[in-house]
Amino acid sequence: MGDHLRSIHVVAGVITDVRGRVLLTRRGENSDLPGLWEFPGGKREPGETSEQALARELHEELGIEAEVGDLLIEVPQQYPSKRLRLEVRRISAWKGNPRGREGQALTWVAPERLSRYSMPPADVPVVGVLRQPERYLVTPEPGADLAGWHRALARALEAGIERIQLRARSLAPEAYAALAREVVAACRSAGAELLLNRDIALAAELGVGVQLGSEQLAGLGKRPLPAAQVLGASCHTLEDLRQAQALGCDFAVLGPLQETATHPGATPLGWDGFVALREQVALPIYAIGGLADADLATARGHGAQGIAAIRALWPAVAKAAAAL
């Protein structure tokens, strides 16, 4: 599908001022998607490297001499008339005073306000990368050794995990609610974000997020939690992703990318399958299924927010796996 579309490689820069604000530029009335805000940059011409293209575009558009830094994400996005690959780089330093040399409006935006600006679909996952964690830990079942489970959770928080999904489907509702209260306290004291697996009512009661199961998506007519409580969705199909986007989910988790012990019968997507779905929506999307920290750069190169994992991010299991 869409193979007849022309392909365009665009390189954009994240320019941050001394106050931490990010520069956005507004698309002109004569461009595609007029009036929307985006990260500044432009098309990579034949024979140019990404660094050369972005430095040239920022000079032409903003009148600055830019030093192009690390890759943040490459977002594949399909539009009605074209296939876009948006490569986004940090601008590590620049000289000059950015101004709209082509008559375009500019604005400096505090990171927490970026999501208030209407953007082209390809730019939305970039805001995800700037605002949301790159690792998403899904907890394993607590099992008999609950004290050991709590110790592993504490180690994960100490190691800097900032987003956790509490998944304990083997527990009865009362035991799950009790565990959730303990985990809420641990996450809050560590400054981490907690989502409960599927339990909208308990999440609403505790003031935390919820990770919707794919089977819940079709039955919801609107976002089930206020904007302050983060909403994720587990997705396997394009229909799932579109419904997650329509509900206003903050992110989706898409997989399985590779075969895993957790879902032995599921057909793995692979990175090509991930991209084919990724390019149809504008959500931040974690890849899940047999992935570890070593896959983060690959994930970002295919438009993922980062990786979601149980085994690779749970300290006791990750340590044991590394020792094998």
Side-chain angles (χ1 to χ4, degrees), residues 132-217 219-220 223-236 244 247 249-253 255-256 260-264 286 288-293 305-321:
Q132 299 186 43
E134 62 185 2
R135 296 170 181 84
Y136 183 27
L137 166 63
V138 184
T139 64
E141 294 293 328
D145 182 12
L146 194 54
W149 187 95
H150 276 292
R151 282 195 299 275
L153 176 68
R155 283 204 298 278
L157 290 167
E158 283 164 16
I161 294 286
E162 295 176 330
R163 177 172 273 171
I164 292 174
Q165 179 194 150
L166 177 60
R167 191 173 182 275
R169 302 177 80 175
S170 59
L171 296 182
E174 301 78 16
Y176 181 80
L179 179 63
R181 286 184 170 84
E182 291 176 357
V183 176
V184 167
C187 287
R188 283 202 173 130
S189 66
E193 200 173 65
L194 179 67
L195 294 90
L196 303 184
N197 179 271
R198 292 176 166 80
D199 197 331
I200 296 167
L202 186 58
E205 182 190 326
L206 298 179
V208 296
V210 75
Q211 178 76 23
L212 298 171
S214 54
E215 78 291 344
Q216 289 178 289
L217 291 170
L220 290 167
R223 185 184 169 105
L225 290 175
Q229 285 163 257
V230 71
L231 186 65
S234 297
C235 297
H236 307 291
L247 286 172
C249 287
D250 298 292
F251 66 88
V253 176
T260 66
T262 323
H263 299 92
Y286 290 96
I288 194 168
L291 301 174
D293 270 357
Q305 169 69 23
I307 62 156
I310 302 174
R311 296 176 63 84
L313 297 178
W314 188 250
V317 180
K319 199 171 174 185

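Side-chain atoms are counted along with the backbone in the values below, which use heavy atoms only and exclude waters and symmetry mates.
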Practice task
Using salt bridge (Lys or Arg N to Asp or Glu O under 4.0 Å) as the criterion, list what pairs up with Arg188, not counting sequence neighbours.
Solution key: none

Practice task
Would you mind checking if Glu158 and Arg151 are paired as a salt bridge, meaning a charged N to carboxylate O distance below 4.0 Å?
Solution key: no

Practice task
Decide yes or no for Leu194 and Leu206: does some side-chain heavy atom of the first lie under 4.5 Å from some side-chain heavy atom of the second?
Solution key: no

Exercise for the section: Quick one: pull up OG in Ser234 and CD in Gln165 and give me the separation to the nearest 0.5 Å. Expected result: 5.5 Å

Handout entry: Residue pair Val138 / Leu313, side-chain heavy-atom distance below 4.5 Å
Key = no

Completion exercise
side-chain hydrogen bond (donor to acceptor under 3.5 Å, both in side chains) with Gln132: of Gln305, Arg163, Glu162, only one passes, and it is Arg163

Handout entry: Closest non-hydrogen atom pair, Asp199 against Val210
Key = N-CG2, 3.7 Å

Exercise for the section: Could you tell me which non-hydrogen atom of Trp149 sits nearest to which non-hydrogen atom of Trp314, and how far apart they are? Expected result: O-CZ2, 3.4 Å

Exercise for the section: Flag the pair Leu179 / Leu146 as yes when at least one side-chain heavy-atom distance between them is below 4.5 Å, and no otherwise. Expected result: yes

Handout entry: Cys235 versus Ala252, closest heavy-atom pair with distance
Key = SG-CB, 4.0 Å

Practice task
Measure from the side-chain N and O atoms of Gln229 to the backbone N and O of Val208, and report whether any donor-acceptor pair falls under 3.5 Å.
Solution key: yes

Handout entry: 4.5 Å side-chain heavy-atom contact, Leu195 and Phe251
Key = yes

Completion exercise
All heavy atoms of Pro224 vs all of Leu220, minimum pair found to be CG-CD1, 4.2 Å

Problem - Rounded distance [0.5 Å steps], CD1 in Ile164 versus SG in Cys187 - result: 4.0 Å

Handout entry: Minimum-distance pair of heavy atoms, taken over all atoms of Ile310 and Thr139
Key = CG2-C, 4.1 Å

Handout entry: side-chain hydrogen bond (donor to acceptor under 3.5 Å, both in side chains) contacts in which one or both residues fall within residues 169-180, not counting sequence neighbours
Key = Glu141-Ser170

Exercise for the section: Could you tell me which residues satisfy side chain to side chain contact (heavy atoms under 4.5 Å, CB included) with Ala292, sequence neighbours excluded, listed by chain and number? Expected result: Asp295, Ala312

Problem - Point-to-point distance, once rounded to the nearest 0.5 Å, from OH of Tyr136 to CD1 of Ile307 - result: 13.0 Å

Handout entry: Donor on one side chain, acceptor on other, Gln216 and Arg198, under 3.5 Å
Key = no

Exercise for the section: Say whether, by atom type as modelled, one donor and one acceptor occur between the side chain of Asp250 and the main chain of Leu231 under 3.5 angstrom. Expected result: yes

Problem - Heavy-atom donor-acceptor pair, Glu193 side chain to Val230 backbone, under 3.5 Å - result: no

Problem - Over all atoms of both residues, closest heavy-atom pair of Leu166 and Ala180 - result: CD2-CA, 3.6 Å

